[in-house]
K.L.:
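My questions will all concern the structure given below.
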Amino acid sequence: MSKLIYLDISNNSFSGVIPSEIGMLRSLNELYLSHNLLTGHIPDSIGNITKLSVLYLYVNGLTGRVPKSFGALKNLGRLFLSRNELTGPIPPELGALMKMNLLDLSSNNLVGAIPSSIGNLSNLMQLYLYNNTLSGSIPPELARARNLVDLQIGRNLITGTIPVNFQNLSSLEKMYLSNNHISGSVPDYFANYTSLNVLDISLNQFSGIIPPELGKRTTFVTLSLHKNNLIGSFPQHMNFTKMENFQVSYNMLTGPLPHDICVSGLLRLLGATNNFFSGPVPKSLKNCSSLKRFRLEENQLTGNISQDFGIYPELVYMGLSNNNFYGEVSSNWGHCPNLTTLDISNNNLSGKISTEIGGGETRLVKLHLSSNHLVGEIPKSFGRLSSLADLYLDGNKLSGSIPSELGNLHNLEELNLAKNSLSGTINQNIGEFLKLRSLNLSSNKFEGVIPVQMSKLEKLESLDLSENNLTGSLPSQLRSLKILQTLNISHNNLTGSIPSSFTEMLSLTTINVSFNQLEGPLPKMRAFEHTSMEALGHNKRLCGNNTGLDCPIQTINQGNKKKGLRVILIILPTFGCLLLLIFIGFGFFYLHKRNPNDTNSRQVTESNPFTIWSYDGKMVYESIIEALEDFDLKHIVGVGGHGTVYKAELSTEVVAVKKIHAPEDGETQNLKSFENEIRALTEIRHQNIVKLYGFCSHSRHSFLVYKFLSGGSLRNVLNHMQQALEFDWKKRVMAVKGIAKALSYMHHDCSQPIIHRDLSSNNILFDSDWVAHISDFGTARILKLDSSNWTSFAGTFGYVAPELAYTMEVNEKCDVYSFGVLTLEIIMGKHPGDFLTSSQDMKDIFFSDISDQRITPPNEQIAEKVESLVKIAFSCLHQSPHSRPSMRDIAHVFSANARPITKII
């Protein structure tokens, strides 16, 4: 072993510490220990291997400091320590390694300043210090390393300016300084870097103008200057012959865009949003067939949109909103086969919408044409946009009726046709939009009655029919809109009373019924009790507490009849549930008693009556009914598609009670959901899955009893500023890990795999310690390994795997896709939206480009973990289910405290 000169045990699963005895291998020339699970400190004894020329320790879990003894490795040419958990400062002793040509200390937790001694490394060509917590300014001495080709110190806390003597680094090919706090002007001597092809100084505090000399002699492939404070016009004589990625968004740039921006024919990513660019778009963009993402929103650009843009076969995202474009909506957009988002809202477009937009070639998910001057009818061809989720045509001059063909848009989630001149009756096909969350038909000329079919839109959260000519009464069937939060039917000619069944719309918080001909008592519910008089006024004879007019008092006999009926309705389900609980309890008790070896079955449950096999059901049931005051509305904490959740404060514990919606007209879906939830949760015991205490099954009072989680849902946390601020990066990483471990348990550790099928931000709940729990197993499916597992569709749009659009075969990879969406939602602070359709183009994106801007950026100890979550999330969003990792693989990465393995990223 003393003569060993080469040792390579990389890419294994070795764990434990590196033994100090390794320093006895004095003849060793190359040592490769990368891609393992090594922990602990790097032994100082490695400094005794003075013949060492190559040392690879990257992608492990090594901690502690970079040994000062490394300064004795005079023959060391390449040192890789990246992607570990190393702390402390960079030892100045590394500046003595005169043969060093590659130094990689990236993606650790290193602190302090960059040692000036690094400038002594005259042979250094590649220096990677990115993704640490380094501070201070860039040392001017670094310019002495004149052979530097690749300098990457992004994602640190570097301050100050770029040293003047950096003009000597004329050999640089790549310079990454992004995500720091560097200020000052962009140096004009960058023009002397004739070999520079990548310059990324984004997300800093650079100010002033972009030097006119920049790029005259440089052939940039990537130029990223976005999110700085740059002003003035962009240089017009830059060499764009190799440009692929051009990013200058979020500055204060003026004047025209560079006219030769796509002269290379290679431009893929163009980002110039949120500036003050003016004039026409460059002519070179019309035939720029390589474009994938094209973003020019929030500028002052002009030009004829039907003539200045071409057909882009690779284009995924086109954003032109909030500019001054004119002309007609070009038919060219209908011939971009990969286009998923087209946003041309807030411009001066006119004429009719081309019917070719709805051609069979496109895969549009979002179509925004709002706030223009478009005329004519809504094209019937839109009915062929089968992937469409968002359709915004509001604020135009469209006429005619809603085409019945739109009923084919089964994935539609948001539809806004407000502020047009649409007329006729509201098409009954509107009830086919079963995934619709938001519907706005306000400020049109619709007439006739509100179609009963609208009650089928059970996922609807916002409905605005105001300022039309609607007549007739309000359909009582609208009570089916259980999760509707906002309802505006003002400024119509509606008559009759407001149905008392509206009290079943438990999520309703905002309502406006003003300027109609409504009369009679207001339903006794929060939405009417808390609304203003302005939202109720200008009607015929509405009465109730809010109006100041008491409704007529019912006769005593009627009151007594209703009271007697109420007593009967309370007694019957109570007796039924009690019998069922006793029957189930004794059944479990009998089964457990037959197995004398099962110690758990012999445990007495009197100390905790909330167990699945508890036979003490009477006390539990009566306590719940009493605590909830017979399910009084004031105890409601949430409403879902299958049930209403109440908070019950019992003497021994606070519990959540999910009361299943009563079936109507023979419906069995809620009952199936109830049975599924019981079946799934009785199989599960995991710290990140909501705990089921017991249940009651009855035709009127069917409910489940859970442990109460006081932190609320992930969706509510992200939608409320104060909670989102408290939900810091450490908590977010912990939440993702918890969800991953729970899914891995369900998929791989249960007797039969359990697939949730409806993971969404509504179904992730937090306790008081921010521990995430998966909830709502109403659509869960227990997979039988010897069956095909074909089933009916279930899930929430925006989280459902794409293959379920053409197959109903359920497997665990459906949950993996949803997990990827949830992970991005936690990182971004909102639903990822168009990232779901462009993830294959975003593999190189850093989390800082998409992270939730409401909270303080993570320190570098957490930053890399979040970065790895982004990569894992995108791997979960792969269009092919077989290319997605398993939840066991993902959970292993977390439990091993390692970096994502190759098969994941």
Side-chain angles (χ1 to χ4, degrees), residues 106-107 128-134 137-138 150-162 166 172-188 190 193 196-211 214-215 218 220-232 234-235 238 240 243-253 257-258 261 267-277 292-299 317 319 827-828 835 841-853 856-858 860 863-864 866-867 870:
S106 64
S107 298
Y128 303 135
L129 304 178
Y130 62 87
N131 204 12
N132 280 288
T133 319
L134 300 173
S137 59
I138 302 173
D150 193 351
L151 173 62
Q152 300 191 29
I153 56 176
R155 283 173 285 158
N156 279 288
L157 302 174
I158 306 296
T159 56
T161 61
I162 299 177
F166 260 42
L172 272 177
E173 296 177 4
K174 297 178 182 179
M175 177 184 280
Y176 290 91
L177 306 179
S178 63
N179 286 76
N180 279 291
H181 304 290
I182 303 171
S183 57
S185 59
V186 179
D188 56 6
F190 280 174
Y193 293 178
L196 192 64
N197 56 65
V198 175
L199 175 62
D200 187 351
I201 59 172
S202 60
L203 289 100
N204 276 289
Q205 298 169 15
F206 287 101
S207 58
I209 65 170
I210 300 172
L214 184 68
T218 301
F220 284 116
V221 174
T222 295
L223 178 62
S224 186
L225 311 176
H226 67 278
K227 292 191 178 179
N228 280 289
N229 300 310
L230 302 174
I231 61 173
F234 196 91
M238 181 175 287
F240 285 98
M243 187 69 73
E244 295 181 11
N245 185 358
F246 180 80
Q247 304 291 337
V248 294
S249 298
Y250 297 95
N251 282 289
M252 294 175 282
L253 299 172
L257 287 165
I261 195 168
L267 188 65
R268 296 184 305 109
L269 307 176
L270 170 61
T273 65
N274 288 81
N275 280 287
F276 299 100
F277 286 118
K292 288 192 174 183
R293 293 181 66 85
F294 190 158
R295 304 200 61 171
L296 300 178
E297 303 99 317
E298 301 284 349
N299 280 289
Y317 192 108
I827 292 168
M828 299 171 71
F835 278 91
D841 299 320
M842 304 299 287
K843 288 182 178 179
D844 296 327
I845 197 168
F846 296 130
F847 84 90
S848 56
D849 296 324
I850 62 172
S851 61
D852 192 343
Q853 299 297 311
T856 305
E860 293 305 321
E864 188 189 354
V866 183
E867 195 82 72
V870 174

K.L.:
Do the non-hydrogen side-chain atoms of N228 and V186 ever get within less than 4.5 Å of each other?
P.N.:
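Not in contact.
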K.L.:
Can you name the residues that form a side chain to side chain donor-acceptor pair (under 3.5 Å) with E244, not counting sequence neighbours?
P.N.:
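Testing E244 for side chain to side chain donor-acceptor pair (under 3.5 Å), a comparison that skips the adjacent residues, returns none.
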K.L.:
Under the side chain to side chain contact (heavy atoms under 4.5 Å, CB included) rule, collect the residues that match up with Q152, sequence neighbours excluded.
P.N.:
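So Q152 forms a side chain to side chain contact (heavy atoms under 4.5 Å, CB included) with Y128, Y130, D150, Y176.
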K.L.:
Donor-acceptor pair, N204 side chain versus I182 backbone, under 3.5 Å?
P.N.:
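Yes, because the side chain of N204 sits within donor-acceptor range (under 3.5 Å) of the backbone of I182.
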K.L.:
Atom CG in N131, atom CG in L129: separation rounded to 0.5 Å?
P.N.:
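The CG atom of N131 sits 11.5 Å away from the CG atom of L129.
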K.L.:
Shortest non-hydrogen contact from P258 to F234?
P.N.:
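Residues P258 and F234, closest heavy atoms: CG-CD2, 3.3 Å.
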K.L.:
Closer than 3.5 angstrom, by distance alone: can the side chain of N229 be matched with the main-chain N or O of I231 as a donor-acceptor pair?
P.N.:
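No, because the side chain of N229 does not come within donor-acceptor range (under 3.5 Å) of the backbone of I231.
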K.L.:
With sequence neighbours left out, what residues match F294 under ring pair (Phe, Tyr, Trp, His ring centres under 6.0 Å)?
P.N.:
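By the ring pair (Phe, Tyr, Trp, His ring centres under 6.0 Å) rule, F294 matches F309.
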K.L.:
Is there a donor-acceptor pair under 3.5 Å between the side chain of N180 and the backbone N or O of I153?
P.N.:
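Checking the backbone N and O of I153 against the side chain of N180, a donor-acceptor pair under 3.5 Å is found.
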K.L.:
For E297, which residues count as a salt bridge (Lys or Arg N to Asp or Glu O under 4.0 Å) partner, sequence neighbours excluded?
P.N.:
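By the salt bridge (Lys or Arg N to Asp or Glu O under 4.0 Å) rule, E297 matches R295.
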K.L.:
With F166, which residues qualify under side chain to side chain contact (heavy atoms under 4.5 Å, CB included), at least two apart?
P.N.:
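Testing F166 for side chain to side chain contact (heavy atoms under 4.5 Å, CB included), a comparison that skips the adjacent residues, returns I138, L142, A143, L151, I162, P163, L169, M175, Y189, Y193.
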K.L.:
Nearest 0.5 Å, please: how far is CD1 in I850 from CD1 in I827?
P.N.:
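Going from CD1 on I827 over to CD1 on I850, the span is 6.0 Å.
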K.L.:
Given side chains that start at C-beta, do those of F240 and L267 come closer than 4.5 Å, heavy atoms only?
P.N.:
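No - every pair of side-chain heavy atoms lies 4.5 Å or more apart.
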K.L.:
Between N197 and F220 (side chain of the first, backbone of the second, donor and acceptor by atom type, cut-off under 3.5 Å), is there such a pair?
P.N.:
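Looks like no, no N/O pair under 3.5 Å.
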K.L.:
For the CG atom of N179 and the CD1 atom of I201, what is their distance to the nearest 0.5 Å?
P.N.:
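The CD1 atom of I201 is 12.5 Å from CG of N179, to the nearest 0.5 Å.
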K.L.:
Less than 4.5 Å apart, side chain to side chain, heavy atoms only: is that true for N299 and L257?
P.N.:
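A side-chain contact is absent here, since even the closest heavy-atom pair is not under 4.5 Å.
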K.L.:
For residues M243 and I261, determine if any side-chain heavy atom of one lies less than 4.5 Å from a side-chain heavy atom of the other.
P.N.:
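Of all side-chain heavy-atom pairs linking I261 with M243, none is under 4.5 Å.
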K.L.:
With sequence neighbours left out, write down each residue that passes side chain to side chain donor-acceptor pair (under 3.5 Å) with E298, or none if nothing qualifies.
P.N.:
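Counting only residues at least two positions away or on another chain, E298 forms a side chain to side chain donor-acceptor pair (under 3.5 Å) with N322.
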K.L.:
Determine whether L270 and L296 make a side-chain contact, defined as any pair of heavy atoms from C-beta on separated by less than 4.5 Å.
P.N.:
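A side-chain contact exists here, since the closest heavy-atom pair is under 4.5 Å.
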K.L.:
Between I158 and L177, is any pair of side-chain heavy atoms under 4.5 Å apart?
P.N.:
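Heavy-atom side-chain distance check fails, nothing below 4.5 Å.
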K.L.:
Which residues pass the side chain to side chain contact (heavy atoms under 4.5 Å, CB included) test with S249, sequence neighbours left out?
P.N.:
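Partners of S249 under the side chain to side chain contact (heavy atoms under 4.5 Å, CB included) test: H226, T273.
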K.L.:
Please report the closest heavy-atom contact between P235 and P211, naming both atoms and the distance.
P.N.:
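So the minimum-distance heavy-atom pair works out to CG-O, 3.4 Å.
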K.L.:
Is N275 reaching over with its side chain to a backbone N or O of N251, donor-acceptor style, under 3.5 angstrom?
P.N.:
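Yes.
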K.L.:
Checking side chain to side chain contact (heavy atoms under 4.5 Å, CB included) between L253 and each of I210, L225, I209, which is the one that passes?
P.N.:
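Single pass found, and it is I210.
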K.L.:
In Å, rounded to the nearest 0.5 Å, how long is the span from OG of S106 to CD of E864?
P.N.:
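Answer for the OG-CD pair, S106 versus E864, is 8.0 Å.
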K.L.:
Run the side chain to side chain contact (heavy atoms under 4.5 Å, CB included) test against S183 and tell me which residues pass, sequence neighbours left out.
P.N.:
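For S183 the side chain to side chain contact (heavy atoms under 4.5 Å, CB included) partners, ignoring immediate neighbours, are T161, Q205.
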K.L.:
Hey, what do you get for NZ (K227) to CG (L203), rounding to the nearest 0.5 Å?
P.N.:
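Between atom NZ of K227 and atom CG of L203 there are 5.5 Å.
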